[in-house]
Chemist: 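Structure provided below as structure tokens; questions to follow.
In each ligand, atom 1 is the first atom listed, and ligand 1 is the first ligand listed.
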Amino acid sequence: GLFGNKGWKPAWRDPAPKAEYDAIIIGGGGHGLSTAYYLAKNHGMTNIAVLEKGYLGSGNIGRNTTIVRANYYMPGNSEFYSHSLKLWEGLEAELNYNVMHSQRGQLILAHSDGQRDTLARRGNAMINQGDDAELWTLDQVKEFAPYLDYAQTRFPIYGGLMHKRGGTARHDAVAWGYARGADARGVDLIQNCEVTGIDIENGVVKGVQTTRGAIRAKKVGMVVAGRSSQVAAMAGMRLPIESHVLQAFVTEGLKPVIDSIISFGMGHFYISQSDKGGLVFGGDLDFYASYAARGNLPMVEHVMEAAMTLMPMIGRAKVLRSWGGIMDMSVDGSPIIDKTHIEGLFVDAGWNYGGFKAAPASGWCMAHLMATGESHEVAKRFRLDRFRTGHVMDEEGTGSQHN
Ligand code: FAD
């Protein structure tokens with residue numbers, strides 16, 4: 001590359017779309033590519049295509065702050081994210097690709113007795129699920145993260161919950177690794193191919209309309225985080241989802257200073273340091289529905305204030321870049337992996353601000369559903385009809401930190 005080596009081969013092919021496939025995945029993000037990979041790998045389905053309107057990995061898979069953890073509280077989410085973390089722990093060997101998965105630990109701070117009790121409850125749920133959790137005292141937190149401001153009185157630090165198997169990964173590499181693995185198994189990855197319509201006859205899916213022509217398929221999976229409502233509308237469906245902007249920030253490269261993830265829920269702030277040295281951090285949603293993949297200044301100010309409250313030393317660092325991504329927020333904060341009322345049409349959506357860590361298990365479970373027609377054991381609560389029946393999974397309400 002940099003030295004003019006012209007002999008390097010692309011990591012995947014660039015095939016023209018065929019007239020018909022056994023299955024089509026709409027969306028070439030982390031979840032779409034992992035769905036295709038596991039359809040081929042686990043279920044032997046190789047006559048399939050991933051249709052991506054831009055380039056592979058151009059969506060949220062390449063825009064997130066890369067946090068990978070298994071510390072969700074609600075039954076349903078707990079076992080699913082636990083399964084996903086186990087897949088992460090074997091992902092580099094599985095894909096033969098360096099996704100830079102780094103289990104550097106996530107520390108969630110407590111700022112009151114009540115919050116510490118809630119973290120103790122969450123830690124117990126994590127341990128019961130078979131994952132790791134340690135409730136830390138203030139002294140333990142001080143020793144681990146001496147750079148936090150323990151004198152500030154607005155949100156005094158009472159202790160924290162440490163999840164040592166939590167960490168980060170190189171987000172683009174996850175898309176590239178799954179893409180290469182799927183392509184090697186015969187999956188057609190078709191870029192610059194926007195799906196513009198879904199063909200349905202007598203309640204059965206027949207294929208899709210795209211900017212590169214019509215393509216027929218027996219099964220179609222909608223895996224279009226950020227655009228789920230728009231694509232589902234092509235099938236006449238209205239999803240319980242609102243789309244919002246989430247911003248993130250990175251500073252200039254610094255010497256190692258933060259060797260874990262610190263989550264400051266009271267300030268809606270979390271931070272880690274990339275292997276390149278940049279401090280990577282973010283906050284909350286911009287809080288109005290939008291499809292604009294960029295953010296606004298009031299939230300920038302809010303995030304910077306939280307950063308300065310928690311760790312004043314960050315004021316010396318220069319912000320290099322900020323960006324935004326589109327989050328499909330489900331009304332209970334939990335995802336959907338399910339069939340739809342249209343035969344052969346499946347939906348994988350509602351990943352809120354936490355779908356990066358879910359990419360392996362989401363693909364695993366979506367592939368299982370599309371291949372067998374049955375929900376996978378760890379995803380069986382991610383039903384679309386829970387919003388009608390009332391069996392919602394209010395993960396937001398449990399105070400699980402986002403990202
Ligand atoms: P995407 O990469 O968005 O994939 C969807 C794809 O569908 C896109 O490539 C899009 O172009 C394509 N598409 C859309 N419409 C069509 C169409 N009509 N035809 C064809 N293709 C179409 N999660 C975490 O777990 N940890 C974090 O730390 C974290 N931090 C985040 C920080 C920010 C700032 C943001 C924005 C998100 C963060 N997330 C995090 C969330 C995570 O990035 C998403 O939940 C996840 O990436 C969504 O799944 P995906 O990778 O498949 O999405």
Chemist: Pairing donors with acceptors under 3.5 angstrom, does anything connect the side chains of Ser362 and His31?
Modeler: yes
Chemist: Enumerate the atoms of ligand 1 whose separation from the nearest heavy atom of Asn352 is less than 4.0 angstrom.
Modeler: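 The atoms of ligand 1 under 4.0 Å from a heavy atom of Asn352 are 45 (O).
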Chemist: Under the side chain to side chain contact (heavy atoms under 4.5 Å, CB included) test against Ile326, which residue among Ser290, Ser243, Ser228 passes?
Modeler: Ser243
Chemist: Decide if the gap between the ring center of Phe269 and the ring center of Phe281 is smaller than 6.0 angstrom.
Modeler: yes
Chemist: Looking at every non-hydrogen atom in both residues, tell me the closest pair between Cys365 and Val378 and how far apart they are.
Modeler: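 Looking at all heavy atoms of both residues, the closest pair is SG-CG2, 3.6 Å.
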Chemist: Give the numbers and elements of all ligand 1 atoms closer than 4.0 Å to a heavy atom of Arg227.
Modeler: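 What qualifies from ligand 1 is 14 (C), 15 (N).
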Chemist: Relative to the heavy atoms of Ile61, which atoms of ligand 1 are at a distance of less than 4.0 Å?
Modeler: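 With Ile61 as reference, the close atoms of ligand 1 come out as 1 (P), 2 (O), 47 (O), 51 (O).
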Chemist: Going by the order shown, which atoms of ligand 1 are within less than 4.0 Å of some heavy atom of Cys193?
Modeler: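 This gives 20 (C) as the contact atoms.
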Chemist: Taking both backbone and side-chain atoms of Val231, is any N or O found less than 3.5 Å from an N or O belonging to ligand 1?
Modeler: no
Chemist: Would you tell me whether Asp14 and Gln191 have side-chain atoms, one donor and one acceptor, within less than 3.5 Å of each other?
Modeler: no
Chemist: Is it the case that the ring center of Phe264 lies less than 6.0 angstrom away from the ring center of Phe155?
Modeler: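 Aromatic pair counts; centres sit under 6.0 Å.
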Chemist: Any N or O of His31 that comes nearer than 3.5 Å to an N or O of ligand 1?
Modeler: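 Yes - when backbone and side-chain N and O of His31 are compared with those of ligand 1, one distance drops under 3.5 Å.
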Chemist: Quick check on contacts: which atoms of ligand 1 are under 4.0 angstrom from a heavy atom of Gly29?
Modeler: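 In order of number, 1 (P), 2 (O), 4 (O), 6 (C), 51 (O), 52 (O).
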Chemist: Any atoms of ligand 1 less than 4.0 Å from a non-hydrogen atom of Leu51? List them with their elements.
Modeler: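 Result: 20 (C), 21 (N).
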Chemist: Would you tell me whether Asn71 and Gln106 have side-chain atoms, one donor and one acceptor, within less than 3.5 Å of each other?
Modeler: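 Distance-only check passes for Asn71 and Gln106.
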Chemist: I'd like to check whether Lys357 has a polar contact with ligand 1, where a contact means an N/O of the residue lying under 3.5 Å from an N/O of the ligand.
Modeler: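 Looking only at distances, the answer is yes, because the N/O contact criterion of under 3.5 Å is met.
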Chemist: Determine, considering heavy atoms only, which of Gly325, Ser272, Gly30 sits nearest to atom 51 (O) of ligand 1.
Modeler: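 Checking each option, the heavy atom nearest atom 51 (O) of ligand 1 is found in Gly30.
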Chemist: Within 45 degrees of the axis of the six-membered ring of Tyr150 and under 6.0 Å from its centre: does Lys142 put its NZ or CZ there?
Modeler: yes
Chemist: If we ignore angles and hydrogens, is there a donor and acceptor under 3.5 Å between the side chains of Arg104 and Ser102?
Modeler: yes
Chemist: Is there a nitrogen or oxygen of Phe356 sitting under 3.5 Å from a nitrogen or oxygen of ligand 1?
Modeler: yes
Chemist: Taking non-hydrogen atoms only, is Gln247 closer than 4.0 angstrom to ligand 1 via side chain, backbone, both or neither?
Modeler: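 For Gln247, only backbone atoms sit under 4.0 Å from ligand 1.
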Chemist: Check whether any N or O atom of Val223, backbone or side chain, sits under 3.5 Å from an N or O atom of ligand 1, and answer yes or no.
Modeler: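 No: no nitrogen or oxygen of Val223 is under 3.5 Å from one in ligand 1.
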Chemist: Quick one: does Arg69 get within less than 4.0 Å of ligand 1, heavy atoms only?
Modeler: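 Per 4.0 Å heavy-atom rule, Arg69 does not contact ligand 1.
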Chemist: Heavy-atom distance to atom 17 (C) of ligand 1: which of Val208, Thr211, Ile67, Val195 wins?
Modeler: Val195
Chemist: What about Phe80 and Trp351, are their ring centers closer than 6.0 Å?
Modeler: yes
Chemist: Only heavy atoms count here, so choose which of Arg63, Glu52, Lys53 is nearest to atom 34 (C) of ligand 1.
Modeler: Arg63
Chemist: Under 3.5 Å between any N/O of Tyr55 and any N/O of ligand 1: does that happen in this structure?
Modeler: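 Tyr55 vs ligand 1: no N/O contact under 3.5 Å.
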Chemist: Checking Asn192 against Tyr55: is there a side-chain donor and acceptor pair closer than 3.5 Å?
Modeler: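 Result is no, nothing qualifies.
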Chemist: Looking at Tyr353, which atoms of ligand 1 are within less than 4.0 Å of one of its heavy atoms?
Modeler: 23 (N), 24 (C), 29 (C), 38 (C), 39 (N), 40 (C), 41 (C)
Chemist: Between Tyr72 and Tyr81, what is the ring plane arrangement, given parallel below 30°, perpendicular above 60°, and tilted in between?
Modeler: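 Rings of Tyr72 and Tyr81: parallel, under 30°.
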Chemist: I need the atoms of ligand 1 closer than 4.0 Å to a non-hydrogen atom of Ile26, numbered in the order shown.
Modeler: 19 (N), 20 (C)
Chemist: Using heavy atoms and a 4.0 Å limit, tell me yes or no: is Gly282 in contact with ligand 1?
Modeler: no
Chemist: Return yes if a side-chain donor-acceptor contact under 3.5 Å exists between His163 and Asp132, otherwise no.
Modeler: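 Distance-only check passes for His163 and Asp132.
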Chemist: Would one find an N or O of Gly32, backbone or side chain, under 3.5 Å from an N or O of ligand 1?
Modeler: no
